[in-house]
Amino acid sequence: KQEVTQIPAALSVPEGENLVLNCSFTDSAIYNLQWFRQDPGKGLTSLLLIQSSQREQTSGRLNASLDKSSGRSTLYIAASQPGDSATYLCAVRGQNFVFGPGTRLSVLP
Amino acid sequence: KAGVTQTPRYLIKTRGQQVTLSCSPISGHRSVSWYQQTPGQGLQFLFEYFSETQRNKGNFPGRFSGRQFSNSRSEMNVSTLELGDSALYLCASSLGGDQYEQYFGPGTRLTVT
């Protein structure tokens, strides 16, 4: 059974810092991994999708990497801004979709 | 292109009743997945439909069911509601197939009293 964990559970940083969020999964038999952000009480916004054959994806200030053999993905956020404050979730697509518990990020002005 | 829409946005029901939630996917998307989100359990996969067929199912009791119509719109039904069914129910659509990105709707907030 696939299990997904995310560390840290919460993170508070001053504006302008670069930061890394981590996602680990136990079963490497996945099709892809997707990163999302969720604002309080809202739905999920897709950030990046990495296929199992890819190593990384970039979108603006975001860069996500995938190491399928070790069951790890990282989301790198450059030059963080207060508007980046949200909960970040990773999800792996194997037989089913399994989400991690999320990392709650606060970027302080 | 319009995003994923869910109706209703908020719902209050009494224990023992049943409820039906609706999801309209992005135009051209053939796959719809449903999730339950609670503070204690996080986001949990309910089921996925593709071209009117249930493709995958999560670990939820039979009270939770769904269907998909020929226009890809999907409904989710929960019968004999329990207090623990109070949650944010999210649906997501994708083009279909295992490699495509999921796009989520705003969710339906269900409160069971």
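Note that this is a predicted model, so its numbers are computed, not measured.
Gln38(A) touches chain B through its side chain: at least one heavy atom from C-beta onward sits under 4.5 Å away, while N, CA, C and O do not.
Rounded to the nearest 0.5 Å, atoms CD1 (Ile30(A)) and CG (Leu66(A)) are 5.0 Å apart. Residue Asp67(A) holds its CG atom at 4.0 Å from OG of Ser69(A), rounded to the nearest 0.5 Å.
With sequence neighbours excluded, no residue forms a side-chain contact (heavy atoms from CB on, under 4.5 Å) with Pro39(B). Residues forming a side-chain contact (heavy atoms from CB on, under 4.5 Å) with Val20(A) (at least two apart in sequence, or on another chain): Asn22(A), Thr74(A), Tyr76(A).
Of residues 77-94 of chain B, those residues with a non-hydrogen atom less than 4.5 Å from any non-hydrogen atom of chain A are, in numerical order, Leu88(B), Leu90(B). Heavy-atom neighbours of chain A within the stretch residues 43-51 of chain B, taken at a separation under 4.5 angstrom, comprise Leu43(B), Phe45(B), Glu48(B).
With respect to Glu3(A) and Lys1(A), no salt bridge is recorded, no charged nitrogen being found less than 4.0 Å from a carboxylate O.
In this structure a side-chain-to-backbone donor-acceptor pair under 3.5 Å is missing from Ser80(A) to Asn18(A).
A side-chain donor-acceptor contact under 3.5 Å links Trp35(A) and Ser73(A). Side-chain contact check for Tyr103(B) and Glu101(B): at least one donor-acceptor pair (N or O, by modelled atom type) lies under 3.5 Å.
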(request) Please test Phe104(B) against Phe36(A) for ring pair (Phe, Tyr, Trp, His ring centres under 6.0 Å), starting from the C-alpha separation and ending with a verdict. (result) CA-CA 10 Å; Phe104(B) 277 77; Phe36(A) 297 88; 5.2 Å; yes

